[in-house]
Trainee: 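Right, I'll just put the structure down here and ask away after.
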Amino acid sequence: MRKVIAFLKEQTRDGLLPWSAQDATAQRFKLSHAAVELVALQNGLFPARYQRNRNMIQVDEQLRLFQSRVAVIGCGGLGGYVLEELARLGVGQIIAVDPDIFEEHNLNRQILSSPALLGQPKAAVAAERLAQVNPAVTVTAIQDYFCLDNGFELLAGAQVAVDALDSISYRLQLAEFCNQAGIPMVHGAIGGWYGHVASQFPGETTVQQIYRHWVAGKGIEQQLGNPSFTPAVVASLEVAEVCKILLGKGEPLRNRKLAIDLLEMEMQEISYAPAPVTLVDAA
Amino acid sequence: MKITLKLFATFRNGRFKVAEQELAEGTDVRQVVLSLGLTEEEIGIVMLNGRHGELDSKLSHGDTLSLFPLVGGG
């Protein structure tokens, strides 16, 4: 490993490690791109591909992102952008879950879709795309429905779950699972010109409260559909939340929901009562 | 009593963004929802004075009630 570190350091220029050097190191020492990037970051070498992440993300934080595991539930409108942004940010392990294949009505907004990929499974397409975008990222593609029963199997080891689902009932199951598993959930939903984002931490019930009037079926997306830009906006807000949660920075949308209206260009914040703290009997 | 009623997203279509409403004492959120020709199933968020509210919440003079439709797509 000392040879690998020395080889990487030799090729570092102005504190930046070019991708060509990462690639050459992987080939020369028969290592995966993930292994090379880990060694580089552990030794304080900043991969040049992340240079515009500096200085909002320092090398130790870039390492933390690379050692993080994030599950994205849904690889459609929201999920496509979430996956792309997580991989470019440098999150090292990504789980992509979606049971569906690409269909023609996805083409107006789902960034992973294209005419040539109609009929292809969304999760597998996501893995192929991310391998091209950032070969150091390890993607686990799962072509299956997420539910409470398979949550622990599908989302094993995830530190954050990102809600990119299009069903309120599955969302409520994800919220319940995240509480059982003790992981934060970044929730996003869209419909037409409108969307909202919130982050729920273990023990909180924000998502359940958001949908407490829900009985069955879909929301306004049923009538309005979804255009190209609303998923991009809401997905980007979700990824900003993931980044902050993984790095322990800033103020996440905790006990509050941001509602976005792109028609009137208005944002509203709704506060939720903090979850009651369970008192532990000291005796 | 008087309240300020704010509607959001598709609830504004054919209605208004914001209006003062004169209501009988003891009116709850559900009665306001129904008076607008909306159903409970269409309601996403009830916000009462900036905080999460309930359909059963009783309104008081000077309250600001905001109603958002259900949004669930992805």
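To find a chain, count down the sequence lines: A is the first, B the second, and so on, and within it residues start at 1. In this text the structure is predicted, and so the values were computed from the model without any measurement.
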Trainee: Taking heavy atoms only and a threshold strictly under 4.5 Å, list by residue number the residues of residues 11-21 of chain B that touch chain A; give 'none' if the list is empty.
Mentor: Arg12(B), Lys17(B)
Trainee: Heavy-atom cut-off 4.5 Å, strictly under: side chain, backbone, both or neither for Glu264(A) against chain B?
Mentor: side chain
Trainee: Distance only, no hydrogens: is a donor on one side chain within 3.5 Å (strictly under) of an acceptor on the other, for Lys122(A) and Gln110(A)?
Mentor: yes
Trainee: With a 4.5 angstrom heavy-atom cut-off, which part of Ala235(A) approaches chain B: side chain, backbone, both or neither?
Mentor: neither
Trainee: For chain B, find which of Ile220(A), Ile190(A), Asp166(A) contributes the most heavy-atom pairs closer than 4.5 angstrom.
Mentor: Ile190(A)
Trainee: Between Phe8(B) and Phe68(B), how do the two ring planes meet: parallel, tilted or perpendicular, split at 30° and 60°?
Mentor: parallel
Trainee: Side chain from CB out, backbone as N, CA, C, O: work out which of these in Ala164(A) comes under 4.5 Å of a heavy atom of chain B, or both, or neither.
Mentor: backbone
Trainee: Using 30° and 60° as the class boundaries, would you call the ring planes of Tyr170(A) and Tyr145(A) parallel, tilted or perpendicular?
Mentor: parallel
Trainee: Measure the shortest side-chain to side-chain distance between Leu55(B) and Val46(B) over non-hydrogen atoms and say whether it is less than 4.5 angstrom.
Mentor: yes
Trainee: Report the C-alpha distance between Arg88(A) and Glu85(A) in whole Å, list the side-chain angles of each, state the deciding distance to 0.1 Å, and finish with yes or no for salt bridge (charged side-chain N to carboxylate O under 4.0 Å, His left out).
Mentor: CA-CA 5 Å; Arg88(A) 290 189 189 274; Glu85(A) 292 178 18; over 6 Å; no
Trainee: Between Arg109(A), Gln209(A), Lys218(A), which has the largest tally of heavy atom pairs under 4.5 Å with chain B?
Mentor: Gln209(A)
Trainee: Got Glu176(A) and Leu172(A) here, is their nearest side-chain heavy-atom distance under 4.5 Å?
Mentor: no
Trainee: Val215(A), Ile210(A), Asp163(A): which one forms the most heavy-atom pairs within less than 4.5 Å of chain B?
Mentor: Ile210(A)
Trainee: Give the ring-plane orientation class for His196(A) versus His187(A), where under 30° counts as parallel, over 60° as perpendicular and anything between as tilted.
Mentor: tilted
Trainee: So if I apply the side chain to side chain contact (heavy atoms under 4.5 Å, CB included) rule between Leu59(B) and each of Thr64(B), Val32(B), Leu5(B), which one comes out positive?
Mentor: Val32(B)
Trainee: Using the salt bridge (charged side-chain N to carboxylate O under 4.0 Å, His left out) definition, which of the options Arg254(A), Lys257(A), Arg256(A) pairs with Glu269(A)?
Mentor: Arg256(A)
Trainee: Would you mind telling me which of Ile270(A), Asp261(A), Leu165(A) has the largest number of heavy-atom pairs within less than 4.5 Å of chain B?
Mentor: Ile270(A)
Trainee: Please examine the side chains of Asn179(A) and Gln200(A), heavy atoms only from C-beta on, and report whether any two atoms are closer than 4.5 Å.
Mentor: yes
Trainee: Using heavy-atom distances under 4.5 Å, tell me whether Ser167(A) contacts chain B through its side chain, its backbone, both, or neither.
Mentor: backbone
